[in-house]
Amino acid sequence: MAVVTRFAPSPTGILHIGGARTALFNWLFARHHAGGRFVLRIEDTDRARSSRDAVDAIVDGLRWLGLDWDGEPVSQFARAGRHAEVARTLLAEGRAYHCYATPEELTEMRETARRDGRSVRYDGRWRDRDPAEAPPGIDPVIRLKMPHEGQTVVADHVQGEVKVANRELDDMVLLRADGTPTYMLAVVVDDHDSGVSHVIRGDDHLTNTFRQFQLYGALDWIPPEFAHIPLIHGPDGAKMSKRHGAVGLAAYRESGFLPQAMRNYLLRLGWSHGDDEIIDTDQAIAWFGFGGIGRSPARFDMARLISINAHHLRVCDDQELMGLVIPRLGALLDGNLADDAVLRVLKGMPALKARAKTVAELADNAVFLTRIRPVPLDDDAARLLDGEARGRLGRLARLLDEIPDWSPQRLEELTRRIADEEGVKLGLIAQPLRAALTGAKASPPIFEVMDMLGRDESLGRLADALATDHRNS
RNA sequence: GACCCCAUCGUCUAGAGGCCUAGGACUCCACCCUUUCAAGGUGGCAACACGGGUUCGAUUCCCGUUGGGGUCGCCA
């Protein structure tokens with residue numbers, strides 16, 4: 001049987017971490033199987049809460065994460081007619097019935113049940129009543145007749161065999177009074193109609209599964225297989241909130257996280273393959289399966305995400321990073337990003353990417369290469385350029401001016417020789433030099449920096465620093 | 001409250017009865033390397049929630065307790 005998975009978010013908010021991981025698992029499972037399909041369905045039956053912006057956010061988020069779906073996204077709302085038809089069939093077959101209880105009546109019923117310490121369920125008051133007793137002027141809902149005896153057992157690929165006594169299941173609403181389908185009806189019909197073979201979703205749907213299972217039975221349909229993955233909690237173990245990582249995926253992109261890092265992190269949150277931590281996407285597709293999914297909830301850990309991101313940044317292709325960094329540099333420089341500056345950043349990328357944890361940090365660290373002379377010095381840099389340092393730098397500048405080969409090796413040789421002659425440690429020259437060339441006290445290795453900057457720019461920046469007196473500042 | 005699920009270092013996890021003196025990764029600390037910052041290397045701190053069983057032997061199996069989470073809508 002062909003494997004078909006789906007991601008079925010409701011467009012009522014942002015695409016958060018939990019949703020992204022659910023999508024990732026579904027995608028990986030489909031791609032793991034030859035011929036597998038991954039479909040996207042927008043559960044927009046709640047018209048009041050659904051929005052176009054939310055749909056866009058979901059689509060953008062999935063694209064950014066690199067999770068491609070097969071075929072066009074399905075709008076659940078557009079299938080409302082089909083859902084209603086199924087409900088009416090069930091009604092005609094006597095497997096469902098009209099219920100005329102008003103919302104007020106149901107609220108009262110629940111409050112009473114809760115007060116008496118009983119479980120809060122619909123009591124089936126219209127289940128066996130003669131439709132002739134229907135009160136006038138009330139549009140009924142259609143409810144499914146759940147069995148009262150026996151138990152419902154779901155063989156979940158993650159949670160194992162999960163069972164519940166059928167008496168715990170109440171007669172759920174299939175079709176609302178206005179003729180629109182409820183979620184319970186819509187998912188079952190849509191999953192069935194689109195041939196979904198495996199439903200991989202959050203643990204919060206586990207208890208819903210019992211009821212959906214009954215609906216499949218009433219329809220004489222074979223239910224798909226289920227895998228309920230544990231939820232992702234906030235760092236404090238409580239449900240994700242805005243304080244935590246419950247911001248949209250877009251926020252992570254803006255913060256400078258790489259999609260490949262995000263996939264890696266999300267994959268390892270709730271799934272494992274021995275001691276493997278860094279897993280690229282091809283490897284993930286090859287390895288992914290239900291066996292590696294854990295049963296307990298995981299907490300979101302920003303430090304770990306950052307660490308994984310730093311790794312992917314280090315191994316990322318330079319050109320790919322340039323594409324991400326250039327817009328950020330442009331913004332940092334108010335659009336004054338010169339072509340030769342871009343070339344310097346490209347040349348410096350191998351050294352730069354090893355020192356950053358996010359793309360945002362990478363851009364910050366690269367900005368010194370793009371500054372237009374004279375480059376501003378920060379306080380630490382200014383402090384390094386004291387009288388003695390300037391004296392040594394002056395001498396170095398004169399020798400540098402005559403050096404035939406502007407290579408990191410020759411530059412280092414020369415500088416070390418001067419340090420020797422002056423009887424000082426290399427750092428006493430290298431640090432002021434760094435301050436003069438980068439305007440900061442930390443940077444990639446200074447001789448590499450000189451190479452990135454090139455002879456003219458390096459000498460120019462050095463001259464600028466020597467010409468300005470920072471001792472009184 | 002009822003029902004369902006879960007339980008190994010602070011966090012993510014390995015572990016499928018003896019391989020466990022419980023392993024890896026992140027974080028943190030120390031040292032090494034070193035022109036700074038990183039990276040890297042070495043070492044360290046740190047866990048089987050508790051109580052009963054089953055067994056020659058339990059982190060691993062069963063039961064209970066405690067703790068955490070989820071679901072109980074004409075929301076999805």
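Each chain gets a letter, A, B and so on, in the order its sequence line appears, and its residues count up from 1.
When the nucleotides B:C4, B:A76, B:U36 are ranked by their closest atom to the side chain of A:Glu43, B:A76 comes out on top. Taking only side-chain atoms of A:Ser10, from C-beta outward, the nucleotide of B:C6, B:C72, B:A76 with the closest atom is B:A76. Taking the side chain of A:Ile446 as heavy atoms from C-beta on, and the options B:C3, B:C72, B:U35, the nearest nucleotide is B:U35.
Phosphate contact (OP1/OP2 of B:C5, side-chain N/O of A:Lys163, threshold under 4.0 Å): absent. At B:G40, one or more side-chain N or O atoms of A:Arg314 fall inside 4.0 Å of OP1 or OP2 (strictly under the cut-off). Between A:Arg110 and B:G73 there is a side-chain polar atom (N or O) within less than 4.0 angstrom of OP1 or OP2. Within the 4.0 Å cut-off from OP1 or OP2 of B:C74, at least one side-chain nitrogen or oxygen of A:Arg143 is found. Contact check, A:Thr182 against B:G73: no side-chain N or O comes under 4.0 Å of OP1 or OP2. OP1 or OP2 of B:A25 has not a single side-chain nitrogen or oxygen of A:Arg268 nearer than 4.0 Å. Between B:C72 and A:Thr207, no contact under 4.0 Å exists linking OP1 or OP2 to a side-chain N or O.
Between the C1' atom of B:U35 and the CG atom of A:Leu396 lies a distance of 13 Å, rounded to the nearest Å. The distance from atom CZ of A:Arg49 to atom C1' of B:A76 is 7 Å, rounded to the nearest whole Å. Per the geometry, OH belonging to A:Tyr183 stands 11 Å off P belonging to B:U71, to the nearest Å. When rounded to the nearest whole Å, the span between CD of A:Glu277 and C1' of B:U27 equals 13 Å. Taking atom CD of residue A:Gln431 and atom P of nucleotide B:U36, one finds them 7 Å apart after rounding to whole Å. Atom CG in A:Asp275 sits about 9 Å away from atom P in B:A14, given to the nearest Å. In this structure, A:Asn208 atom CG and B:G73 atom P are separated by 11 Å, rounded to whole Å. One interatomic measurement links the two molecules: CG of A:Asp156 to P of B:C4, which rounds to 15 Å at whole-angstrom precision.
A donor-acceptor contact shorter than 3.5 Å is absent between the side chain of A:Ser307 and the backbone of A:Ala303. In this structure, the side chain of A:Asp451 does not engage the main chain of A:Ser407 through any donor-acceptor pair within 3.5 Å. At least one donor-acceptor pair under 3.5 Å links the side chain of A:Gln159 to the backbone N or O of A:His228.
In this structure, A:Trp271 has its ring center closer than 6.0 angstrom to the ring center of A:Phe288.
Side-chain to base pairing of A:Arg355 with B:C37: one donor and one acceptor N or O lie within less than 3.5 Å of each other.
Figure legend. B:A49 is base-paired to B:U65; pairs are counted as Watson-Crick or G-U wobble with both atom distances under 3.5 Å. Of the nucleotides present, B:C72 is the one that pairs with B:G1 by Watson-Crick or G-U wobble criteria, both distances under 3.5 Å. With both pairing distances under 3.5 Å, B:U59 is matched to nothing as a Watson-Crick or G-U wobble pair.
Salt bridge present: A:Arg79 and A:Asp193 bring a charged side-chain N and a carboxylate O closer than 4.0 Å.
Here the separation of B:A76 from B:A22, taken at their C1' atoms, is 43 Å to the nearest Å.
Residue-environment remark: CD (A:Gln283) exceeds the threshold of 12 foreign heavy atoms within 6.0 Å.
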